[in-house]
Amino acid sequence: MNILAMDTSNQVLGAAIQQDDTILGEIVTNLPKNHSVRLMPAIDKLMQEVNMKPEQLDKIVVAKGPGSYTGVRIGLATAKTMAWALNIPVIGVSSLEVLAYQGRFFNGIICPFFDARRGLAFAGCYRFENNQLQILRKEENVAMQDLLEELKSLERSILFLSPDISIHQEQIISIVGNRAVIPEEPVHVIRPAHVIAAAKEKQAGSTHTLRPNYLRLAEAEAKWLESNKGC
């Protein structure tokens, strides 16, 4: 089983190829550059490195958000197009669940989040039991203050994971205190191999019905709906 994974849902661009249970290769960059012109060249380079052709792929998995609206669309459009052209299944997985895998050996609550501006965050809470990811708090676009006040009442250590950790670190520590665990910067960078791990127990649906998980409307769409209310 040859699986291609890709993630452009946030600033990190990642691609990975797994053969059976072995990760053959990964490409990861953490740069504020346009994913639309870099994703396919990255996939092409990776496939050349592992000596694999597209027709040898059996499945594609992709991070479907939340995160950057544009980034999520780029990843899904690429994954769906490749899956349709190759006639293979494609599976979309939560970008937050993928990030949670960075803490799979942490004995406590794992809280991955992405900054959503204006004091908001896309966040969820998880833990690993018997090597299986368990959802403790569903993914939500939530006020960071409210989330932290809620987590403050829990009597367990909480691992915070986010590429945007620097934006909220001071607030996390001031509210959650010494139960907040904030690792070093490399741990906050999503690995595309974990996109495959997050998809392990999930079944592929129709390629055409795979949709992004934005968790909220894009600002332009929300303004349009508000201006056209009652029409």
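The hydrophobic cluster of Phe105 has no other members, since no ILVMFWY side-chain heavy atom comes under 4.5 Å of it.
Contact detail for Ile196 and Ala5: the closest heavy-atom pair is CG1-CB, 3.4 Å. The two residues Ala193 and Ala16 come nearest to each other via the heavy atoms N-CB, 3.8 Å. In terms of heavy-atom proximity, Pro212 sits nearest to Val72 at CB-CG1, 3.4 Å. Considering every non-hydrogen atom in both Arg179 and Arg156, the closest pair reads CD-O, 3.4 Å. In terms of heavy atoms, Ala123 sits closest to Val142 at CB-CG1, 4.3 Å. In plain terms, the two heavy atoms of Gly75 and Met6 that are nearest each other are O-SD, 3.8 Å.
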Does the pair Leu151 and Cys111 meet the rule for a side chain to side chain contact (heavy atoms under 4.5 Å, CB included), with working shown? CA-CA 9 Å; Leu151 295 176; Cys111 181; 4.0 Å; yes
Can Val93 and Val98 be said to form a side chain to side chain contact (heavy atoms under 4.5 Å, CB included), step by step? CA-CA 7 Å; Val93 296; Val98 174; 3.7 Å; yes
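For residues 180-190, no residue pair satisfies the salt bridge (charged side-chain N to carboxylate O under 4.0 Å, His left out) rule, not counting sequence neighbours. Within the structure, the salt bridge (charged side-chain N to carboxylate O under 4.0 Å, His left out) test picks out no pair touching residues 161-174 (sequence neighbours left out). Within the structure, salt bridge (charged side-chain N to carboxylate O under 4.0 Å, His left out) pairs that include any residue of residues 82-110 comprise Glu97-Lys202 (at least two apart or interchain). For residues 52-63, the set of pairs meeting the salt bridge (charged side-chain N to carboxylate O under 4.0 Å, His left out) definition, not counting sequence neighbours, is empty. The ring pair (Phe, Tyr, Trp, His ring centres under 6.0 Å) contacts involving residues 29-52 comprise nothing, where partners must be two or more places apart or lie in separate chains.
Legend: residues meeting side chain to side chain donor-acceptor pair (under 3.5 Å) with Glu129, ordered by chain and number and at least two apart, are Arg127. Partners of Glu26 by salt bridge (Lys or Arg N to Asp or Glu O under 4.0 Å), not counting sequence neighbours, listed by chain and number: Arg191. Contacts of Phe128 classified as ring pair (Phe, Tyr, Trp, His ring centres under 6.0 Å), with partners at least two apart in sequence or in another chain: Tyr101. In this structure, Ser166 has no side chain to side chain donor-acceptor pair (under 3.5 Å) partners at least two apart in sequence or on a different chain. Not counting sequence neighbours, the partners of Asn30 by the side chain to side chain donor-acceptor pair (under 3.5 Å) test are Gln11. Applying the ring pair (Phe, Tyr, Trp, His ring centres under 6.0 Å) test to His168 and every residue at least two apart in sequence or in another chain returns Phe113.
At least one side-chain heavy atom of Val28 sits less than 4.5 Å from a side-chain heavy atom of Pro192. In this structure, the side chains of Lys64 and Ser94 stay at 4.5 Å or more apart for every pair of heavy atoms. Ile3 has its side chain out of reach of Ile60: every pair of non-hydrogen atoms, C-beta onward, lies at least 4.5 Å apart. Residues Ile173 and Gln171 are not in side-chain contact: their nearest non-hydrogen atoms beyond the backbone lie 4.5 Å or more apart. Side-chain contact check for Asp7 versus His194: every heavy-atom pair is 4.5 Å or farther apart. When side chains are defined from C-beta on, Ser157 counts as touching Phe106, because their heavy atoms get closer than 4.5 Å. With a 4.5 Å cut-off on side-chain heavy atoms, Thr207 and Pro89 do not count as touching. Proximity of Ile17 to Leu46: side-chain heavy atoms (C-beta onward) are separated by under 4.5 Å at one or more points.
Atom CZ of Arg211 has 12 or fewer neighbouring heavy atoms from other residues, nucleotides or ligands inside a 6.0 Å radius. Shown here is Arg117, whose CZ atom has no more than 12 heavy atoms of other residues, nucleotides or ligands within 6.0 Å.
Here the straight-line distance linking atom CD1 of Ile110 with atom CG of Leu96 works out to 12.0 Å at 0.5 Å rounding. Put simply, CG on Asn87 and CG on Leu57 are 13.0 Å apart, with the number rounded to the nearest 0.5 Å. Put simply, CG on Leu136 and OH on Tyr126 are 9.5 Å apart, with the number rounded to the nearest 0.5 Å. Atom-to-atom distance recorded for Leu39:CG and Ile74:CD1 is 8.0 Å, nearest 0.5 angstrom. Distance CG/Leu4 to CE/Met82: 5.0 Å, rounded to 0.5 Å. In this structure, the separation between CG on Leu147 and CZ on Phe122 is 13.5 Å, given to the nearest 0.5 Å.
Judged purely by distance below 3.5 Å, without hydrogens or angles, the side chains of Thr29 and Arg38 pair a donor atom with an acceptor atom. Using modelled atom types, one finds no donor on one side chain facing an acceptor on the other under 3.5 Å when comparing Asn2 with Gln56. Between the side chains of His188 and Gln102, not a single donor N or O lies within less than 3.5 Å of an accepting N or O. In summary, the side chains of Asp20 and Thr22 do not present any donor paired with an acceptor at a separation below 3.5 Å, with no hydrogens or angles considered.
In terms of modelled atom types and a separation under 3.5 Å, the side chain of Thr8 and the main chain of Gly71 share a donor-acceptor contact. In this structure a side-chain-to-backbone donor-acceptor pair under 3.5 Å is present from Asn34 to Ser36. Judged by distance alone, with hydrogens and angles left aside, the side-chain atoms of Ser9 form no donor-acceptor pair with the main-chain N or O of Gly65 at under 3.5 Å. Here the side chain of Thr81 pairs no donor or acceptor atom with the backbone of Thr78 at under 3.5 angstrom.
Cluster membership check: Ile27 shares its hydrophobic cluster with Leu24, using side-chain heavy-atom separations under 4.5 Å among Ile, Leu, Val, Met, Phe, Trp and Tyr. Note: the hydrophobic cluster containing Tyr214 does not contain Leu120 (ILVMFWY, side chain heavy atoms under 4.5 Å, direct or indirect links). In the hydrophobic clustering of ILVMFWY residues, with side-chain heavy atoms under 4.5 Å counting as a link, Val62 and Val189 come out apart. Tracing side-chain contacts under 4.5 Å through hydrophobic residues (I, L, V, M, F, W, Y), one never reaches Ile190 starting from Ile165; they form parts of separate clusters. Residues Val12 and Ile43 do not share a hydrophobic cluster, clusters being chains of Ile/Leu/Val/Met/Phe/Trp/Tyr side chains in contact below 4.5 Å.
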